[in-house]
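Please read the structure below before turning to the comments.
Each ligand, and each atom within it, is numbered from 1 in the order the structure gives. Remember, it's a predicted structure, so these values are computed and weren't measured experimentally.
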Amino acid sequence: MGEAGQYVVIEQDGPLALVVIDHPPVNATSAAVRAQLQQAFVRLDEDASIQAIVLAAAGRTFVAGADIREFDFPTQDPHLRDVVQAIEHVSKPVVAALHGTTLGGGCEIALACHARVIDAKGKIGLPEVKLGLLPGAGGTQRLPRLVGVMPSLDMITSGRMVSAHEALALGLVDQVVGQDLRKAAKAKALSMIGQPIRRTGDLPAPSCVPADCETFVKSLQQKLRGQIAPLKATEMVMLSSTTPFAEAIRLESEAFEGLKQSSQSKAMRHVFFAERAVGHHPVLKGIETDPFTSIGVVGAGMMGSGISVAALDAGLSVTMVEANASALEKGVARIRGLYERAIKSGRISQAVMDERLARLTATHDLGALAYQPLVIEAIYENQEAKKDLLQKLDAVMDAAGILASNTSYIDINLLAASTQRPDRFLGLHFFSPAHVMRLLEVVRGAATSPQTLARALALGKQLNKLAVVVGVCEGFVGNRILTRFWDACTFMVEDGTPPQEIDAAFERFGMAMGPFAVQDLAGLDISYAMRQRLAAQRQPHERVPVLVDRLVEQGRLGQKSGQGWYRYEAGKRQVDPVVSDLVTAHAGEAVRLSGEAIIARGRAAMVNEAAKILQEGIVPRASDIDLVKINGYGFPVWRGGVMFEAMQFGLEAVLAEAHKIAQDYGPTWEVSDALIEAVRTQKGFA
Ligand code: T1G
């Protein structure tokens, strides 16, 4: 694992030494970087000709943290906390020059320097909890000494980056500069020669109002649903006001090492690298794309207006077209309403709202889309209506324009074939609310060209979406697995396990909401319509959900009708005896599954379908499926996604359950060869 390169260089300029870390792409503190950094500071401390030091980094950012790839192996000396300690105890002033994203171990190094100068566009933070970790090189003890306990709890348990100006206001940095960062840092260092050195670790222990901390912990516990790192981090930060620094540092690194070995951190590190891999597609190699400045959206309903807001928020101009006058008005009012609420909650200012709305053009005229580089149709889910619209758009749009459909299930190849530009056509499946949900399924049709795909992914990045490229199949990746999961859960109810017990089991598992509560939120009529649509393709003896269709036929559509699987009074969901009686009557010889058995069955139903998706080449990586489930369907990130969790759990058991499911639910639940192969080879899913 050793690295040979020289990643730390020293430039001397009179009494000043400039130490530059140069370890692309993000100056992560790998073992070699740590060793060279420690050697550099020991040497400079002994060098009498040096009276002050500036620590900076080359490339696009100051240190963005420890090298996450090293966490699967025993830590090599020196530990970062020892390097940080060495920097803090140098006998001459050390000033950090911060640019880009100073994160994790990079922030901890900066905290140990005696002053911090940051570029105005810079950001700084301790995002370790997003990896199931906590700051392990003194961050939980030094940050509170600089900014106080409550701001530290906010920064460390949210993992959010703060801007340069917020960092200055917090007291985290000493100076913000618009240009020539290093020059300013050097001036700062020279001005500190001969002055008493302010070592963060030696600063007084911060005060902490126990009641405030208790309130903070309570609200955190409500949000976490089983995640452990943020609570452990809170415990460490609170030590800063009660425990001597050296002892607290020892406890912090113990807690860090413990979390590093945890399955939650392994899962979240898997997700980190999965997010980096998802954009890699061999067909896109070498294709450069220009950023979008504008797009067109047809349909001003929930999805159309949400997509428009996502684009306006990303700085694009949007032309939103809606044939129906009142629908257009409603769409614009919905967008305006979203921004007014954002102003009320302090997320944006009136000026920002006005600037964004100024980039919105709302019209009935399809012709207004003639020169749009990309147009997304987001009208209601009806195949003929979409084909008709796409043909009209095909006729008015410039030949180079890309056409996209926001359909969540209609065959993209079929829609593409209804246009003259199948190579410049694909699916862009947003999730509701489209301006909030991070996931974007980019559905690549058989004729979609690599250039079109590259453009779509570029748009996804501009809209801050996590774009996952998927092939064409019924329900794409997310809804296809969801349908299997919901069907299996409905069969568990029909066989005698109450829906509220299944929901409780999956909410304990870490899901935001259980499957039946989600169905009620989405509307039972949506999946009912899909089952009706697919009825003709059903295989003989195929088991289909019965009870849910009965609910729909009784007008129980979910939250929108006040009744579904549950009853809703004053917005609160309640178990409905009517449904309980229906279940008991239907189940007869009830099979009431335990929590563990419920999870095992749900897991196997999802993994078996996901394995088929892999087998069919709908996605190239199992981790892509993990990202879809985490970012679109509330699968707990700290379990790493449906495929990673199953591999951690043990695929043998999943396969055994999948065989039982095939026996219980019939031929369309046959076990996937990919799952069998993953167990046979002991290699899991690639
Ligand atoms: N370690 C190893 N590789 C990293 C890395 C890291 N910390 N950060 C990024 N990379 C790789 C990444 O895999 C990708 O590689 C390339 O760099 C560009 O990244 C002791 C324990 C900095 C905001 O959590 O959030 O410090 O795919 O595509 O969109 O307390 O990367 O090209 O082969 O994401 O411009 C804490 C993690 C670590 C920050 C840049 N730090 N990184 O985003 O580029 S734990 C973090 C990021 C820690 C201490 C603890 C982002 C970024 P490849 P990218 P980007």
Under-4.0 Å heavy-atom contact with ligand 1, by part of A64 that carries it: both
Under 4.0 Å and counting heavy atoms only, is there anything from the protein next to atom 40 (C) of ligand 1? no
F644 ring center near F685 ring center (under 6.0 Å): no
Could a heavy atom of R60 be found less than 4.0 Å from some atom of ligand 1? yes
Salt bridge between K218 and E214, side-chain N to carboxylate O under 4.0 Å? no
Looking at K260 and E70, is any side-chain nitrogen of the basic one under 4.0 Å from a carboxylate oxygen of the acidic one? no
Main-chain N/O of V117 paired to D174 side chain as donor or acceptor, under 3.5 Å: no
When rounded to the nearest 0.5 Å, the distance separating OG of S432 from CG of N406 is 9.5 Å
Give me the atom names and distance for the closest heavy-atom approach of K92 to L44. NZ-O, 3.0 Å
Is atom 26 (O) of ligand 1 close to the protein, meaning a heavy atom under 4.0 Å from it? yes
Closest to atom 38 (C) of ligand 1 among protein heavy atoms sits L131 CD1, 3.8 Å
Does F71, backbone or side chain, put an N or O under 3.5 Å from an N or O of ligand 1? no
Taking atom CZ of R43 as the centre, report whether more than 12 heavy atoms of other residues, nucleotides or ligands fall under 6.0 Å from it. no
Contact bool for atom 33 (O) of ligand 1 (protein heavy atom, d < 4.0 Å): no
Identity and distance of the protein heavy atom lying nearest atom 9 (C) of ligand 1: V26 CG2, 3.5 Å
Verify atom 44 (O) of ligand 1: protein non-hydrogen atom under 4.0 angstrom away: yes
Do R182 and E11 meet the salt-bridge criterion of a basic N to acidic O distance under 4.0 Å? no
Does atom 29 (O) of ligand 1 have a protein heavy-atom neighbour under 4.0 Å away? no
Should one rank R69, E128, M161 by closest heavy-atom distance to atom 3 (N) of ligand 1, which comes out on top? R69
Salt bridge or not for E128 and K232, using N-O below 4.0 Å? no
Out of G65, A66, P24, P25, whose heavy atom sits nearest atom 6 (C) of ligand 1? A66
For atom 37 (C) of ligand 1, which protein heavy atom lies nearest, and how many Å away is it? F272 CE1, 3.4 Å
Which heavy atom of the protein is the closest neighbour of atom 52 (C) of ligand 1, given with residue, atom name and distance? T101 OG1, 4.3 Å
Taking the ring centre of each residue, are H270 and F272 less than 6.0 Å apart? no
Value rounded to 0.5 Å, distance of CG in D45 from CZ in F41: 9.5 Å
NZ/NE/NH1/NH2 to OD/OE distance under 4.0 Å, D154 and R160: yes
Under 3.5 Å between any N/O of I68 and any N/O of ligand 1: does that happen in this structure? yes
Run down the list K130, R276, E108 and name the one with the heavy atom closest to atom 47 (C) of ligand 1. R276
I need the nearest protein heavy-atom contact for atom 21 (C) of ligand 1: residue, atom name and distance, please. F256 CE1, 3.3 Å
Quick check on contacts: which atoms of ligand 1 are under 4.0 angstrom from a heavy atom of G104? 26 (O), 36 (C)
Considering only protein heavy atoms, determine whether one is less than 4.0 Å from atom 1 (N) of ligand 1. yes
Give the atom numbers and elements of ligand 1 that come within less than 4.0 Å of a heavy atom of P135. 30 (O)
